[in-house]
Amino acid sequence: MASSSQLPRLPLGPERRVQLMATCLCDAFYDDVAKATVEVLEHAGVTVDFPEGQTCCGQPAFNGGDWPSSRKVVRHTVKTFAGETPVLVPSGSCAAMLRHGALLEFEHEADLPAVQHLARKTWELADYLVNGLGLTRWPGRFEGKVAFHRNCHNRGTASEAASLALLQSIEGLTVVPFGEAEQCCGFGGTFSVSFPHLSSSMGHLKLDHIRAVKPDYLVSGDMSCLMHMGGLAEKDGQPVQIRHLAQILRDALVNVGHRA
Amino acid sequence: MATQLIDRFAADLPPDKRASVYQSTKATHEKRTKLLFDHFADPNHLRATAGEIKQHVIENLDTYLPIVEAKLAANGAKVHWAATAESACATVLGIMKARGATKMVKAKTMVSEEIGLAEYLGKHGIEALETDLGEFIVQIDHDHPSHIVRPIIHKNRREIARSFEREGLGDYNDDPGTITRRARKFLRHKYLAADVGLTGANFVSVESGRIVLVTNEGNSRFSLAAPKVHIALVGIEKLVPRDRDLGVLLNLLARSATAQQLTVYTEFISGPRAAGQPDGPEEMHVVFVDNGRTEVLASECREILRCIRCGACLNVCPIYRQASGHAYRSVYPGPVGAVLSPLLAGKQFPELADLPKASSLCGACQEVCPVNIPIPDLLLRLRARGKAEGAPRAAVASPPMGAWALLASQPAAWKAALLGGRLLNVLPTKFIPVPALRAWEEKRTLPAWQGGRFRQWMRERRKS
Ligand code: SF4
């Protein structure tokens, strides 16, 4: 989905400052991922604002076909993240929702320009670090073998290459390739509960490929995929260690004594 | 919680069928990708170009159709227009009756499946025999194709051998070579006896009126060699503006469909037999079929009319691989079918309103589509339509979003819900009456609820 029509970004100003959209999953379940995101950004010299009124990007209803409900949430998000300061999201799928999905459902709405403005200032974390700030490597040290799951919403965006570039630059860390990497993990939002058999079969296929290369960590830029795969693996009685990219970047700093 | 029809179909699919669908789609997809990237510096650029060509065509059909009609007529073909499936079938029957024809040999065409031609002709006492090996097997089994390029992807050779034995085509023998030889022997006589050869058209060039057919078995050539009449059944969207556009499209089609540089046979047909030619049909008819296409054109999903029926989106699709083609309950399965079938269903849209839901929206289909159709966007539009029209099939097992939207547009309520969610950690979830939560937990564990913690941390960090 992300591969189709995305508006060019607004230029980043001289000030390194973002408004963090923590995402509803981190708000509810993965607080450490949101913390790591803040710490990583601050290490890169970025001032992080956190608009307290934030809720969700609107994707669940958008994907479910309930566009009026989704638009309600997107409008709230537009209001909450007003101004010119870039919006930073530690999730490929929420970024894709704001960069592309919202534009689809606002095609015939009078407030489309406001939604387009939000689209043009929204960045996924790895994309921002590499293509926004121009980082080519990440300092610190992280010992371990990492399987990197390219989440589907990063298809056709700069985020996948950016994530890999950062991971591969970390001392001590090896990224191990695995089979059928282009295939979806089967999460798909409400798909995971409307199509439980398909969703879990897809997840198990993915896990088989990942387990075959025996990584220490399964890493992605999207907690939704990881929540699904991690939950399936745990239910199987063969848990995998899941980590968000931001956590790896943060831990790499911590491991060499940086105050995170 | 009730689950969706396609999910149930997939769960009930015999493991050997799933395995054969999975293995062969995966192998074709991988070969396709290798071939495209080995042969072209930037296949994605090529896909975008092909998409623009086809988009241009569908947006200018009103201009191109009259031109191609005149061109075909100048080439000696008779052009017919069919607005519906019934009128397309009746047109074909009319052509046959006018010649006193009773026997037809058919090359593979999806549009004939779409309009139910063979069945219709059968009812009118006309034998319409499939000559593509896969379609022939589907026909003798009274089955339906489960893939748009490989109709019998769901069958193994043992089943086929049993069918051949049953039909009196020889003793049980599941050697593929033997099966093919037997079919060939049987079909040779049928070609010679047929009055009419029916084909589809992969492309029709507006510039020259050339009809382009691609096959690997040569059966379309046989279908045109002996019979006196050639009927080409063509969806109105099959045009390309110029002959040289075929350079882009044919290069992509064979690679995307069957991982070949070019199909074994690529035919360019410029009309019936000309004076001085030794053989070929005396009459050529081109039946342009609408059957809902102009409505698709008027909809917000018109990009699906770019489709060149290569099947690459089926091969890469994780849902198709798990569920197989029959799960889609329609002639066109997989990602293309999930968009096209509900649209072509017209008033019966609600019957198929669940198809666009059978996707994780992973986008693999668009990534391989040789004409770069934004399939996920189209699936989303159809989901919105299914919801807006209140189609019950679209709503099955879909968590309602109204309450969520209310919370998610009111920060105070949202924050309260984040804190309230902690209850999840202490209540056994099987007592919580939220079907979506139960469905989640049936297959996966749920992480511990940490609602509010990050916000707390952030506030403290600000203070320090
Ligand atoms: S939608 Fe694209 S990939 Fe799918 S069959 Fe049509 S042309 Fe091929």
Side-chain angles (χ1 to χ4, degrees), chain A residues 1-4 22 24 26-31 34-35 38 50 52-56 58 60-67 69-70 72-73 75-76 101 104-105 152 155-156 180 182-184 186-202 227-228 230-232 234-235, chain B residues 1 3-4 6-8 10-11 26 316 318-319 322-323 357-364 366-367 374 376-377 380-381 383-387 394 396-399 401-402 404-405 407-409 411 414 418 421 435-436 439-440 442-451 453-455 457-458 461:
Chain A
M1 151 165 143
S3 55
S4 27
C24 58
C26 292
D27 224 352
F29 295 112
Y30 298 108
D31 57 321
K35 289 180 199 166
V38 173
F50 181 77
E52 275 280 340
Q54 63 182 273
T55 56
C56 169
F62 173 68
N63 285 356
D66 186 352
W67 288 12
S69 290
S70 174
K72 203 178 204 171
V73 178
R75 285 195 173 105
H76 172 74
L104 266 188
E105 60 178 355
C152 294
R155 257 177 229 277
E180 294 197 279
E182 85 287 356
Q183 284 280 319
C184 173
F187 170 66
T190 53
F191 174 80
S192 63
V193 292
S194 319
F195 294 83
H197 171 80
L198 286 167
S199 169
S200 57
S201 308
M202 286 158 70
M227 172 164 143
H228 165 70
L232 279 173
E234 196 170 271
K235 192 100 180 176
Chain B
M1 185 156 96
T3 54
Q4 286 270 350
I6 292 180
D7 198 59
R8 263 183 279 153
K26 176 174 182 290
V316 79
I319 315 295
Q322 295 284 336
K357 291 238 157 175
S359 165
S360 61
L361 301 171
C362 74
Q366 176 170 3
E367 203 170 49
D377 287 0
L380 282 157
R381 288 190 204 280
R383 289 181 183 191
R385 177 176 162 194
K387 171 76 185 166
V396 174
S398 300
M401 291 293 167
W404 164 85
L407 283 179
S409 46
W414 183 261
L418 281 178
W440 177 272
E442 211 156 281
K443 303 281 185 193
R444 319 156 188 89
T445 58
L446 198 67
W449 190 267
Q450 310 284 14
R453 282 212 192 178
F454 169 68
R455 290 174 185 240
W457 177 87
M458 198 67 187
R461 192 175 180 89

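Small disclaimer: the values here were computed from a predicted structure and weren't measured. All chains are named by letter (A, B, ...) in the order of the sequence lines, taking the proteins before the strands, and each is independently numbered beginning at 1.
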Options B/R383, B/R8, B/R385, ranked by heavy-atom pairs under 4.5 Å with chain A, top entry: B/R383
Taking every heavy-atom pair that is under 4.5 Å apart, which of B/I319, B/L407, B/V396 has the most such pairs with chain A? B/I319
Portion of [X] that has a non-hydrogen atom of chain B nearer than 4.5 angstrom:
X	value
A/E234	both
A/E105	neither
A/A61	both
A/H76	side chain

Per-residue contact mode, B/A358 against chain A (heavy atom under 4.5 angstrom): both
Closest heavy-atom contact between [X] and [Y]?
X	Y	result
A/F29	B/A448	CD2-O, 3.5 Å
A/C56	B/A408	CB-CB, 4.4 Å
B/P318	A/Q183	CB-OE1, 3.3 Å
A/L232	B/K443	CD2-O, 3.4 Å
A/F195	B/K357	CE1-O, 3.1 Å
A/G230	B/T445	O-OG1, 4.5 Å

Just how far is it from atom [atom1] of [X] to atom [atom2] of [Y], taken to the nearest 0.5 Å?
X	Y	atom1	atom2	value
A/E52	B/M458	CD	CE	9.0 Å
B/D7	A/S200	CG	OG	7.5 Å
B/L380	A/L104	CG	CG	6.5 Å
B/Q366	A/R155	CD	CZ	10.0 Å
A/S199	B/R444	OG	CZ	4.0 Å

If we only count heavy atoms from C-beta on, is the B/S360 to A/M202 side-chain gap below 4.5 Å? yes
Quick check for you: among [options], which has the greatest number of heavy-atom pairs under 4.5 Å with chain B?
options	result
A/K235, A/E182, A/H228	A/K235
A/P60, A/S201, A/G53	A/P60
A/Q54, A/E180, A/R75	A/E180
A/A28, A/S69, A/S70	A/A28
A/A34, A/C26, A/G188	A/A34

Given B/W440 and A/S192, is the side chain to side chain contact (heavy atoms under 4.5 Å, CB included) satisfied, shown in steps? CA-CA 7 Å; B/W440 177 272; A/S192 63; 3.6 Å; yes
Can you check side chain to side chain contact (heavy atoms under 4.5 Å, CB included) on B/M401 and A/K72, steps first, answer last? CA-CA 11 Å; B/M401 291 293 167; A/K72 203 178 204 171; over 6 Å; no
With a 3.5 Å distance limit and no angle check, can you tell me whether B/R461 reaches the backbone of A/V38 through a side-chain donor-acceptor pair? no
Tell me whether B/R455 contacts the main-chain N or O of A/D27 through its side chain, where contact means a donor paired with an acceptor under 3.5 Å. no
